[in-house]
Amino acid sequence: MNTAPTFGFTDAELATHPTVYRSDLFKGQTVAVSGGGSGIGKGIAWLFGRLGAHVFICGRDAEKLNAAAAAMTAAGLSVEAIACNIRNTDEVEAFFDKIYARGTLDVLINNAGGQYPQAAIDIKPKGFNAVIDTNLNGTWWMMQAAARRWRDAARPGSIVNIVAVVERGMPGVAHTCAARAAVVGLTRTVAIEWAPLNIRANCLAPGAIESTGFAHYTDEAREAFKRSNPMMRVGDVFDVAEGCVYLTSPSGKFITGDVLTIDGGGRHWGQFWAFPEPDYFKGSGR
């Protein structure tokens, strides 16, 4: 019987994968991770939990969230799962209300998002709007809701928005490139506006990272991902998770409005195709 390939870390690997950070780095702090039920977000949630944080994970799929939280709890980590569609402002407000009913918030990781590979010329309005609504609008509602609560409580806060490497364009996912580039500009803007509030806002741009999301791409695309950077390999979810920790821990205290790119040098080197590279470009060099 043929079985579908699996990608990313298992729960056991998330629980034991080495990290450079000390285990109590976020002790006593609360971290919210959107899209924390799977993929990169799940890896981020696990690492913050392993470093002592109380973690709130949210997403649309309650079953997936509860399974992720159960695995973290079984490993002795402190976590709560709350279903939330980040496109819906009422649900976003309810999510933060539940966090603050239990205490406060120190860090927000905006990881939730989604896209699908398709030639830009063929993207339908419904699909384009759905990606923009999640990846841009949803990220903004989360940022604003967190910032307002930090402002009202006169407390500092730190935001990391997971975006994408957009400098060279992203053939095959024009809708998410548009949304992620907008989030970068938005982050740079509010980093200035919110500096007097002691709120830092940064972006983290992963390149080809092997996670459960790899299942959405063809074998040819996944092989191309390995050649999209001079290191000739893909990264893993802990590469991204440790970048989030760097930006939100004391190591990042003088960083705001910036983009940390974790792509193996890909933006200086290769071509990133979310669907098979057209014959027109093959053999054209870099």
Side-chain angles (χ1 to χ4, degrees), residues 2 4-8 34-35 37-42 59-61 64 85-88 110-142 161-187 203-229 233-237 240 259 261-264 266-267 269-286:
N2 293 329
T6 58
F7 302 100
S34 68
S38 63
I40 291 173
K42 184 176 178 180
R60 289 185 295 173
D61 190 331
K64 184 186 296 183
N85 181 352
I86 64 171
R87 299 183 193 180
N88 186 309
N110 277 315
N111 165 79
Q115 56 275 325
Y116 54 92
Q118 187 172 33
I121 203 166
D122 295 323
I123 297 174
K124 300 289 194 298
K126 182 178 179 181
F128 192 89
N129 289 336
V131 171
I132 296 295
D133 202 12
T134 300
N135 296 358
L136 172 57
N137 298 344
T139 297
W140 169 241
W141 303 135
M142 295 285 284
N161 298 317
I162 305 299
V163 289
V165 185
V166 299
E167 288 95 329
R168 295 169 63 126
M170 299 181 69
V173 283
H175 38 23
T176 201
C177 188
R180 306 299 191 177
V183 170
V184 172
L186 178 60
T187 303
C203 292
L204 190 154
I209 302 295
E210 181 180 338
S211 73
T212 53
F214 257 38
H216 298 301
Y217 298 93
T218 64
D219 290 341
E220 184 178 352
R222 288 192 290 266
E223 283 302 311
F225 292 165
K226 298 176 183 178
R227 302 189 300 275
S228 67
N229 64 81
R233 62 179 178 84
V234 296
D236 61 54
V237 296
V240 179
V259 181
T261 302
I262 300 178
D263 72 342
R267 71 191 187 282
W269 163 262
Q271 302 178 36
F272 188 98
W273 290 90
F275 54 25
E277 180 182 0
D279 291 340
Y280 178 88
F281 293 107
K282 290 181 179 177
S284 62
R286 300 186 182 281

Approximate separation, where rounding is to 0.5 Å, of E167 CD and T261 OG1: 5.5 Å
Do any N or O atoms from the side chain of S211 and from the backbone of G39 form a donor-acceptor pair under 3.5 angstrom? no
To the nearest 0.5 Å, how far apart are OG1 in T139 and CG in N110? 5.0 Å
Solution key, residues 121-134 side-chain donor-acceptor pairs under 3.5 Å, sequence neighbours excluded:
from : atom 1 : to   : atom 2 : distance (Å)
N129 : ND2    : P125 : O      : 3.2
D133 : OD1    : N137 : ND2    : 3.1
T134 : OG1    : R87  : NE     : 2.6
T134 : OG1    : R87  : NH2    : 3.1
T134 : OG1    : A130 : O      : 3.2

Y116 and V173 have their tightest heavy-atom pair at O-CG1, 3.8 Å
Heavy-atom pair with the smallest gap, counting every atom of C177 and G169: SG-CA, 4.1 Å
Could you tell me whether the side chain of M170 reaches within less than 4.5 Å of the side chain of H175, counting heavy atoms only? no
Roughly how far apart are S34 OG and N85 CG, rounded to 0.5 Å? 11.0 Å
Go through the steps to decide whether T187 and N161 satisfy the test side-chain hydrogen bond (donor to acceptor under 3.5 Å, both in side chains), and finish with yes or no. CA-CA 8 Å; T187 303; N161 298 317; 2.9 Å; yes
Before you tell me yes or no, could you show the steps for L204 and I262 under side chain to side chain contact (heavy atoms under 4.5 Å, CB included), namely the whole-Å CA-CA distance, both residues' side-chain angles and the distance that decides it to 0.1 Å? CA-CA 7 Å; L204 190 154; I262 300 178; 3.9 Å; yes
How many angstroms lie between OG in S228 and CZ in R168, if you round to the nearest 0.5 Å? 10.0 Å
Indicate the atoms forming the closest heavy-atom contact of A120 with A174, along with that distance. CB-CB, 3.8 Å
Could you tell me whether a side-chain N or O of R267 sits under 3.5 Å from a main-chain N or O of G207, the two making a donor and an acceptor? no
For T176, does its backbone N or O pair with a side-chain atom of N135 as donor and acceptor, under 3.5 Å? no
Within the 3.5 Å criterion, strictly below it, is a donor on D263 or N229 matched to an acceptor on the partner's side chain? no
For residues I40 and I209, determine if any side-chain heavy atom of one lies less than 4.5 Å from a side-chain heavy atom of the other. yes
In sequence, state the C-alpha distance, the side-chain angles, and the governing distance for Q115 and R180, and then conclude on side chain to side chain contact (heavy atoms under 4.5 Å, CB included). CA-CA 11 Å; Q115 56 275 325; R180 306 299 191 177; 3.4 Å; yes
Heavy-atom pair with the smallest gap, counting every atom of P206 and V165: O-CG2, 3.6 Å
Could you check whether any side-chain heavy atom of L186 comes within less than 4.5 Å of a side-chain heavy atom of W140, counting everything from C-beta outward? yes
